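Single-structure report; data block below.
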Number of protein chains: 2
Amino acid sequence: MSTLSEVAAHAGVTSATVSNVLRNRGRVGEQTRKRVLEAVAALGYRPHLAARALAEGRAPTIALMVSSIANPFYPEFALAVERAARASGHFVIVCNTNQDPLAGRKYLEQIAGTLSEGVLVMNANLDFADLHQTEARGTPVVLCMWERPHDPPGLPCVAVDFRRAGELAAQHLLELGHRHIVAIVGSKRAGIHAARYEGFVDALRAAGVKLPRTCVRHAPDTIEGGYAAARDLLEAHPHTTAIFATNDLPALGSINAAFDLGRDVPTDLSVIGITDIQLAQQSRPPLTTVAVPTVEAAELAVSLLRELVERPGDLRGAARNGTRNETRHDLRNDSRGGAQKRASEAPRVCVTSEPRLMVRGSTCAPRSKGGPTKKARRG
Amino acid sequence: MSTLSEVAAHAGVTSATVSNVLRNRGRVGEQTRKRVLEAVAALGYRPHLAARALAEGRAPTIALMVSSIANPFYPEFALAVERAARASGHFVIVCNTNQDPLAGRKYLEQIAGTLSEGVLVMNANLDFADLHQTEARGTPVVLCMWERPHDPPGLPCVAVDFRRAGELAAQHLLELGHRHIVAIVGSKRAGIHAARYEGFVDALRAAGVKLPRTCVRHAPDTIEGGYAAARDLLEAHPHTTAIFATNDLPALGSINAAFDLGRDVPTDLSVIGITDIQLAQQSRPPLTTVAVPTVEAAELAVSLLRELVERPGDLRGAARNGTRNETRHDLRNDSRGGAQKRASEAPRVCVTSEPRLMVRGSTCAPRSKGGPTKKARRG
DNA sequence: GTGAAAGCGCTAACAG
DNA sequence: CTGTTAGCGCTTTCAC
């Protein structure tokens with residue numbers, strides 16, 4: 001690991017010049033540039049990122065907070081985030097909160113602003129107060145998948161119209177002719193998945209189909225969770241012809257439950273999920289689901305975060321624009337004020353493109369109930 | 001974001017004292033300590049990790065190189081790594097190489113030693129030369145899952161006896177009475193999965209069962225890859241009663257293929273894999289597989305890496321032990337020599353506990369072939 | 001016990 | 001065009 005000044009010495013110039021050459025700043029003579037480049041190559045010089053971070057007042061990393069990367073959806077998302085981050089020269093620190101707000105807070109306290117210049121939050125079950133605090137301290141925060149575009153949170157976010165996803169799922173089932181439908185709703189915690197469920201219920205209602213309370217179960221967002229809920233539901237409501245799950249994993253679990261109950265999917269039972277994780281197309285039968293624009297959301301989230309980092313009025317922006325000779329105290333006040341002001345203005349909301357129905361093998365018209373338009377009824 | 005000296009000012013002491021209080025170094029008077037702690041709390045001070053990294057000459061992060069976190073095995077592993085790293089105060093930067101050695105090299109060049117103090121490599125398809133180079137530059141590298149404990153690579157590693165895993169799989173199939181067996185071997189690339197396959201073949205051979213070339217396919221480590229290979233194999237060898245895959249994903253794909261071919265698993269066809277990813281127990285039927293100690297490997301890898309970082313003779317160790325006033329040049333030389341010497345000594349190999357057979361629903365005795373001990377034969 | 005001071009490697013004015 | 005000069009925020013000798 002050679003340093004800038006070693007390179008400078010080797011090239012017979014000063015470190016400032018080497019720095020200029022390396023970052024294409026300021027004008028540098030052609031021959032000097034060449035000599036510097038040679039020295040760099042000769043010594044195998046690599047910039048020290050931590051030093052640069054300190055000098056620039058910004059780190060080349062962003063933190064991605066997820067509840068648990070073991071859930072197959074997150075890695076797909078994380079991969080997309082990493083790609084996007086990489087494209088803008090950033091590294092990604094993955095922070096698993098394991099659904100524990102305290103773990104999340106500890107992470108935020110440690111890395112925000114000192115090791116990462118921004119924070120991406122993906123269903124990490126964090127305390128909003130903590131998030132606001134890190135924002136107030138000058139580190140931008142972006143929520144990666146807000147479920148209700150029309151009901152923005154108090155934080156910048158990328159929103160996906162999950163309500164629409166629920167509607168799409170309902171429409172599909174309705175068009176197929178299903179009337180005996182049950183639902184598995186993920187994550188009891190307030191709000192999460194609520195939009196999906198609302199969209200689904202409303203679409204059913206609009207078609208004159210009811211979804212009684214007894215036909216709904218809350219379940220963890222896992223295959224096992226969906227499995228248990230589906231068994232339960234299927235035993236309580238044997239005439240069920242279709243299951244809607246607010247997430248793919250529970251939908252997959254429902255298929256397993258049907259399998260164990262000796263019911264064939266889709267002929268005896270249709271199953272539909274939401275998200276379209278990779279596994280959805282790899283299971284047997286492949287899962288019909290409403291695809292959510294994961295990659296797009298990841299890209300938007302990263303670019304929104306970058307924008308927030310760059311944006312004047314931001315803590316870092318102010319600090320860089322300010323004169324170095326001002327006292328730190330003044331800078332702090334300015335910037336903190338800026339950050340607070342920003343937080344109280346309406347934070348930005350990016351909306352992704354719409355969810356899309358992916359018809360695959362887990363749904364079909366209900367057996368022996370007549371065509372799609374016939375309305376079957378049963379007490 | 002307040003700074004150390006702000007805290008110091010607030011407490012009426014100097015930044016050195018605050019530092020001492022915070023890291024429990026040096027003797028600090030009880031009252032001073034108390035005042036400092038109050039100031040810290042009052043200002044909501046958080047240490048600036050990048051600054052600390054620069055001053056200490058070591059970063060609080062490690063890099064985890066994986067080929068693609070989208071493969072469900074990696075997230076499970078990454079989660080375990082993160083937990084272990086966290087326990088030792090480290091953050092994890094996840095680096096997806098997407099199987100591209102160049103992408104891997106770029107990552108290594110950028111972060112190694114400057115943003116992360118060590119590198120964990122998990123099947124990232126990296127150039128060994130690159131790895132040696134980063135080691136020579138003073139950043140410890142640990143291979144996370146070396147497949148052959150008795151044939152160590154030139155780098156420190158955590159080894160898992162995958163040969164044994166292959167044997168275990170073979171024994172299980174043999175005991176069940178299978179004789180018409182085919183195999184799907186992952187990752188054509190030299191070496192990877194070779195041990196698993198060898199163990200499997202040798203165990204078969206020892207039992208007098210042959211595995212002709214035509215009964216083996218190479219396939220990517222994906223569900224689709226396994227699916228295609230299995231279809232192919234099953235069509236070419238209709239009498240097959242069991243499929244062995246060197247990885248769970250292709251094993252799962254084989255189950256799908258059997259499903260599509262109208263063959264019931266396990267009654268018409270037994271399927272066994274290796275690894276025991278979470279999905280294995282969540283599929284229908286649940287997959288019989290040979291479990292590999294993932295979490296243990298992750299923990300060993302992290303602790304081995306830490307050891308390497310700490311170890312005197314190491315670049316960083318030397319630099320910290322050396323006198324600050326020596327010229328940088330001398331330090332460099334010393335340390336580089338140390339690093340090289342270390343690399344040429346036998347690098348450490350940690351071996352995990354043995355793989356374990358997990359009998360689940362995808363295997364059973366072959367149909368109508370008599371009991372497990374009867375030897376069925378067919379041209 | 002506590003403070004003063006140097007320095008980690010790099011960047012960014014500003015001066016020449 | 002290039003060098004000088006201050007730091008970024010923290011750690012760590014070494015005096016007092």
Side-chain angles (χ1 to χ4, degrees), chain A residues 1-9 11-36 40 43 45-60 113-115 117 316 319-328 331-332, chain B residues 1-9 11-36 40 43 45-60 113-115 117 316 319-328 331-332:
Chain A
M1 299 289 295
S2 32
T3 71
L4 246 206
S5 46
E6 283 172 6
V7 174
V13 294
T14 196
S15 64
T17 303
V18 179
S19 178
N20 281 335
V21 169
L22 260 23
R23 10 190 51 233
N24 287 314
R25 288 287 179 76
R27 290 135 296 278
V28 180
E30 206 32 67
Q31 15 212 357
T32 318
R33 140 172 276 103
K34 211 181 131 217
R35 245 181 317 131
V36 167
V40 165
L43 299 186
Y45 168 80
R46 308 273 174 254
H48 192 297
L49 266 26
R52 178 178 286 179
L54 181 58
E56 284 187 318
R58 55 144 71 195
T114 70
L115 203 57
E117 71 171 4
R316 290 168 192 305
R320 307 259 20 105
N321 295 340
T323 308
R324 274 276 171 103
N325 292 337
E326 289 180 58
T327 71
R328 285 207 73 45
L331 280 178
R332 304 283 164 195
Chain B
M1 299 289 296
S2 33
T3 70
L4 246 204
S5 46
E6 283 172 6
V7 173
V13 295
T14 195
S15 62
T17 303
V18 179
S19 177
N20 281 335
V21 169
L22 258 25
R23 8 192 54 233
N24 288 313
R25 288 289 177 77
R27 293 135 295 277
V28 181
E30 206 32 65
Q31 17 212 355
T32 317
R33 139 173 277 103
K34 209 180 134 219
R35 248 182 314 132
V36 167
V40 165
L43 299 185
Y45 168 79
R46 308 274 173 254
H48 193 299
L49 266 25
R52 178 177 286 180
L54 181 58
E56 284 187 318
R58 56 144 71 195
T114 71
L115 203 57
E117 70 172 3
R316 286 165 196 305
R320 303 243 46 87
N321 295 339
T323 309
R324 274 274 170 107
N325 293 336
E326 289 180 61
T327 71
R328 283 208 75 43
L331 281 179
R332 304 281 163 195

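What you see is a predicted model, and the numbers here were worked out from it, not measured in a lab. Order of the sequence lines sets the chain letters (A, B, ...), proteins ahead of strands, with each chain counted from 1.
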Quiz prompt | Whole-Å gap separating C1' (C/dC8) and CD (B/E117) | solution = 15 Å
Exercise. Flag the pair B/P47 / B/L22 as yes when at least one side-chain heavy-atom distance between them is below 4.5 Å, and no otherwise.
Key: no
Quiz item: Looking only at side-chain N and O atoms, does A/T32 come under 4.0 Å of OP1 or OP2 in D/dT2?
Solution: yes
Self-check item: A/V28 and A/T17, any side-chain heavy atoms less than 4.5 Å apart
Solution: yes
Quiz item: Under 4.0 Å between a side-chain N/O of A/R52 and OP1 or OP2 of C/dG9, yes or no?
Solution: no
Quiz item: Taking the side chain of B/T3 as heavy atoms from C-beta outward, which of C/dT2, D/dG9, D/dC8 is closest to it?
Solution: D/dG9
Quiz prompt | Spacing of B/R58 atom CZ relative to D/dC10 atom C1', expressed in whole Å | solution = 15 Å
Practice problem: Return the 5'-most residue of the pair B/L54, B/N20 with respect to DNA chain D, ranking by each residue's nearest nucleotide. | Solution: B/L54
Quiz item: Over how many whole Å does the gap from B/R35 atom CZ to C/dG1 atom P extend?
Solution: 15 Å
Practice problem: Indicate the atoms forming the closest heavy-atom contact of B/L115 with B/A59, along with that distance. | Solution: O-CB, 3.3 Å
Self-check item: Atom-pair distance (CG on B/L22; C1' on D/dG9), nearest Å
Solution: 13 Å
Practice problem: Verify the contact: side-chain N or O of A/R23 to OP1 or OP2 of C/dT11, cut-off strictly under 4.0 Å; return yes or no. | Solution: yes
Quiz prompt | Closest-nucleotide 5' rank along DNA chain C - winner of B/R33 and A/Y45 | solution = B/R33
Exercise. Please state how far atom CD in A/E6 lies from atom C1' in C/dC10, giving the value in whole angstrom units.
Key: 13 Å
Exercise. Enter the distance from B/E56:CD to B/E117:CD here, rounded to the nearest 0.5 Å.
Key: 9.0 Å
Self-check item: Side-chain N,O (B/S15) to OP1/OP2 (D/dC10) below 4.0 Å
Solution: no
Quiz item: Which atom pair, heavy atoms only, marks the closest approach of B/L4 to B/S15?
Solution: CD1-O, 3.7 Å
Quiz item: Rounded to the nearest Å, what distance is computed from the CD atom of residue B/E56 to the P atom of nucleotide C/dC8?
Solution: 15 Å
Quiz item: Is any side-chain N or O of A/S19 closer than 4.0 Å to OP1 or OP2 of C/dT11?
Solution: yes
Exercise. Name the closest nucleotide to the B/T14 side chain, picking from D/dC8, D/dC10, C/dA4.
Key: C/dA4
Quiz item: Taking the P atom of each, how far is C/dC10 from D/dC1, in whole Å?
Solution: 25 Å
Exercise. Using heavy atoms to find the nearest nucleotide of DNA chain C for A/T17 and A/A51 separately, return the residue whose nucleotide is more 5′.
Key: A/A51
Quiz item: Could you state the NE2-C1' distance from B/H48 to D/dG7, rounded to the nearest angstrom?
Solution: 13 Å
Quiz item: Taking only N and O in the side chain of B/R25, is any of them less than 4.0 Å away from OP1 or OP2 of D/dT12?
Solution: yes
Exercise. Go through C/dC10, D/dT11, D/dT2 for me and flag the one nearest to the B/L4 side chain.
Key: D/dT11
